[in-house]
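Order of the sequence lines fixes the chain letters, A, B, ..., with proteins taken first and strands second; residue numbering starts at 1 for each chain.
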2 protein chains.
Amino acid sequence: MEHYKVGAIAEKVGVNVETLRYYEKIKIMPKPKRKESRYRFYDELDLRRLLFIKRAKELGFTLKEIKELLNLKIESTATCGDVKHLAEHKLTDIEERIKDLKNIKNVLIKLINQCVCEELSTDECPILEIIDPKT
Amino acid sequence: MEHYKVGAIAEKVGVNVETLRYYEKIKIMPKPKRKESRYRFYDELDLRRLLFIKRAKELGFTLKEIKELLNLKIESTATCGDVKHLAEHKLTDIEERIKDLKNIKNVLIKLINQCVCEELSTDECPILEIIDPKT
DNA sequence: ATAACATCTGTAGTATAATACGGAGTCAAG
DNA sequence: CTTGACTCCGTATTATACTACAGATGTTAT
């Protein structure tokens, strides 16, 4: 199994070393193993987790929400319903995000295609169509 | 044309009155008209703009990025190429976001379907499949 | 073996995006 | 015509998410 010192994993993912310590403190990353030197050592699973956190943040999730996403797993029949409920809620949220991003995408495509330098309506912002597109 | 005092538009959109003043200060919302009372008055266009800002923020854009999106418009042949370039860049970004959100969506769906309370693999986090799905 | 560099801990500081507060002016209902 | 709600402005404070620093210890390349 591959393993990384804090500086190596930080560089690989493109975050600051201090960020890793911070994530450990707020318990979004687990406490890594230590060598006799007391240095932190991370593995592939940590790497994937960190990559996920980074991307989810870019997608607009807070660290709190990301923590929830990462803790979604079915542990027993007892909690199964709760987890399912939470996951369904997240799913709805994500479907709405996708929908809205697709709207933005369409407006951008229109904007780019208009960009053949035709005459255009004065100073109207095409982006505003996103929220309330002209039918 | 409909018009709103600051409290009215704030409530309609679901933001704080102070937030509107803040957006004005950082120039992401334009300076609204004032009545003799010096009260701010907003119109439908302001409303749409504010709604867009709110949603774009939830989608993970910073206020700086949202400002850029809102300023995307083709003003003259001179800047046409630049705007097109910027818009294309944003488009790529948005397409990647959609792709990643769809991955998360698929994992959540799988998770929800597993939720018929079958026996499940120990304590593996299914969410980690998102970044690097098992082929 | 001795620089140069990485990591350790704890604490302090920063950037972004609000959010709150104080004291004064404005509006609208009874 | 006053009283309570709304708005004004400037400034201060807060929450989130880092980011930097200091001083000590551990590692590595020559």
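For the pair A:Lys35 and A:Phe41, the distance from NZ or CZ to the six-membered ring centre is under 6.0 Å and the angle to the ring normal is within 45 degrees.
With D:dA20, D:dT27, D:dC9 as the choices, the nucleotide that has an atom nearest any side-chain atom of A:Lys5 turns out to be D:dT27. Closest to the side chain of A:Lys57, from the set C:dC8, D:dC18, C:dT19, is D:dC18. Among the nucleotides D:dC9, C:dC21, D:dA20, the one closest to any side-chain atom of A:Arg21 is D:dA20. Comparing C:dC21, C:dA17, D:dC9 against the side chain of B:Leu63 picks out C:dA17 as the nearest.
Here A:Tyr23 lies in heavy-atom contact (under 4.0 Å) with sugar-phosphate atoms only.
The distance from atom CZ of B:Phe61 to atom C1' of C:dA17 is 17 Å, rounded to the nearest whole Å. Rounded to an integer number of Å, the gap from CD1 of A:Ile26 to C1' of D:dC18 is 10 Å. The distance from atom NZ of A:Lys31 to atom P of C:dC8 is 13 Å, rounded to the nearest whole Å. Nucleotide C:dT7 holds its C1' atom 11 Å from the OH atom of A:Tyr42, rounded to whole Å. Distance A:Lys54 NZ to D:dA17 C1': 15 Å, rounded to the nearest Å. Atom NZ of B:Lys67 is separated from atom P of C:dT16 by 11 Å (rounded to the nearest Å). Atom CG of A:Leu20 and atom C1' of D:dA20 are 16 Å apart (whole Å). What separates CZ of A:Arg38 from C1' of C:dA6 is a distance of 16 Å, to the nearest Å.
Comparing B:Asn16 and B:Thr62, the nucleotide of DNA chain C nearest to each residue sits closer to the 5' end for B:Thr62. Mapping A:Tyr22 and A:Ser37 onto DNA chain D via the closest heavy atom, the residue that lands nearer the 5' end is A:Tyr22. Toward the 5' end of DNA chain D, the nearer of the two residues A:Tyr39 and A:Thr19, judged by each one's closest nucleotide, is A:Thr19. Mapping B:Val15 and A:Gly7 onto DNA chain C by nearest heavy atom places A:Gly7 closer to the 5' end of the strand.
In this structure, A:Tyr42 and A:His3 have side chains that are not in contact, with every pair of non-hydrogen atoms separated by 4.5 Å or more. Taking 4.5 Å as the limit, some side-chain heavy atom of A:Met29 sits within range of a side-chain heavy atom of A:Arg49.
Applying the 4.0 Å criterion to OP1 and OP2 of D:dC8, one finds that B:Arg40 has a side-chain N or O inside that range.
With hydrogens and angles disregarded, no donor-acceptor distance shorter than 3.5 Å links the side chain of B:Asn106 to the backbone of B:Asn103. Without hydrogens or angle criteria, B:Lys110 side chain to B:Lys105 main chain gives no donor-acceptor distance under 3.5 Å.
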